Amino acid sequence: MKEKFAELKRRLQEVYDLRGAIHLLYWDQATYMPPKGAAARGRQLATLEHLSHNKLTDPAIGRLLDELAPYEQELPYDSDEASLLRVTRRDYERAIKVPVEFVSKVSAHRAASFDVWTRARPANDFQAVKPYLEKTLEYSREFANYFPGYEHIADPLIDLSDYGMTAKTIQALFAELRQELLPLVRAILEQPPVDDSFLHRFYPEEKQKAFGEKVITQFGYDFQRGRQDKTHHPFMIKFSLNDVRITTRFDEHNLGDGLFSTLHEAGHALYEQGIAQELEGTPLASGTSSGVHESQSRLWENLVGRSRPFWDHYYPELQAVFPDELQDVSVEQFHRAINKVQRSLIRVDADEVTYNLHVMMRFDFELALLEGRMTVDELPEAWRERMRTDLGVEPPDDKDGVLQDVHWYSGFIGGAFQGYTLGNIMSAQFFQAAQRAHPEIPEQIGQGQFDVLRGWLTEQIYRHGRKFTASELIQRATGQPLGIQPYMNYLRQKYGQLYQLDRVTAPS
Ligand code: ZN
């Protein structure tokens, strides 16, 4: 059995290393590649993707999994070995159900669709992408149908990023959240707007970068096992557990943009850097779901990085970096400005409170499109209508409406968005459990110390990689299934104070 297990691990390590190489090429494409490198890069990626798919779906892997099944039965569920077999079986069975011709067809369509979208968005031309989007919807349904037995057609698509969650459970959770969130958003928006004009003074890039890197080093991001570079749309990417990179962007007239993007991506990276080294080179060496991943980026960005204790410590340092720009701004004013709630058209620019309304709209539309309750044609108008009712603001054009996110133009329709809001909900539940175990955490944050918080997160979440599903992890770490109350309590308390909303502040 030992030899068979070693043989399986050797084969899986080849897949892992190929994935690392693919990620390296993507990273380069989004950071330093000269424009004319694009055509060859597309080919290189397709070749490696094909190789990696073939290696994962090699019938030898299926045989080894069968032969190792009795061995798995003898091992504890949470052992490295049993977890490796369980997760590999899931990956393998998913990969062999989808014909390789379909995979190639979809990846060619994605590239074409993305290309059209990059021109259609600035031109505000929904008609140009419409046929591509219709094809994408068709392929999304086709993909789901390789997994018969699902309850909802979106379930196989949701499984790709948030394994174990279903349309039904997410719908129920989101309905509850929406019901509690809408009155809070309305109450906040009735208040006088917060002045954040000072965030748009001139903040030189180099100083912003140095400050952000200092903060994430103190969070525990290890620059010996990572680096930060510039890009248009920031992301975190991993080549191995010891090379976890982040990207950011700077706007010299928007202090929050670069800083919070850096904190966000560092949160993703802390998760990957925190995975146990014993899992390196295996399918377990990765975050477990997009929801749990996003819970970590949002936790470090928002629950830590936009909190008052954090700024009580860091604001004097920030003022020392930008003495002229911030001399007339108090920490109260600064804290209010970086937490300003407003009606916005663009999801990625939205504040913590309204952000979820943007996400839930997209999730609902994905289900409606997949079920056939809505056509691609009806999408732009449905978008305007929903923005009007939820946020009281209507996009003047499709560029800042239905064309704004890359997801549907470079991937499937379905499973693309729920992770963002699941992550917000989870972030508060994890943070509450961490504070229950270590009540000194806020005080520590107020001293610029994060080791107790990071230690708890590493122990409960990071080190396990993909050993546990999101639901298992939440239950183990917090003693509860996923629920919205910790998140709503957090929002009510924080924004109740910031906007003096006595009416909607929950009794503490
Ligand atoms: Zn993220």
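Predicted model only: the values in this text are computed from it and were never measured. If you read the sequence from its start, that first residue is 1, and numbering goes on from there. One-based numbering, in listed order, for ligands and for the atoms of each.
Checking side-chain atoms of Q404 against main-chain N and O of G401 turns up a donor-acceptor pair under 3.5 Å. No side-chain donor-acceptor contact under 3.5 Å links R384 to the backbone of P395. Formation of a donor-acceptor pair under 3.5 Å by the R225 side chain with backbone atoms of Q273 is found in this model. At least one donor-acceptor pair closer than 3.5 Å links the side chain of H109 to the backbone N or O of Y132.
By the 4.0 Å N-to-carboxylate-O rule, R347 lies too far from D349 to be salt-bridged with it.
Around the Zn ion (ligand 1), protein atoms of type N, O or S found under 2.8 Å number 3.
Looking only at side-chain heavy atoms (C-beta outward), S52 and R19 come within less than 4.5 Å of each other.
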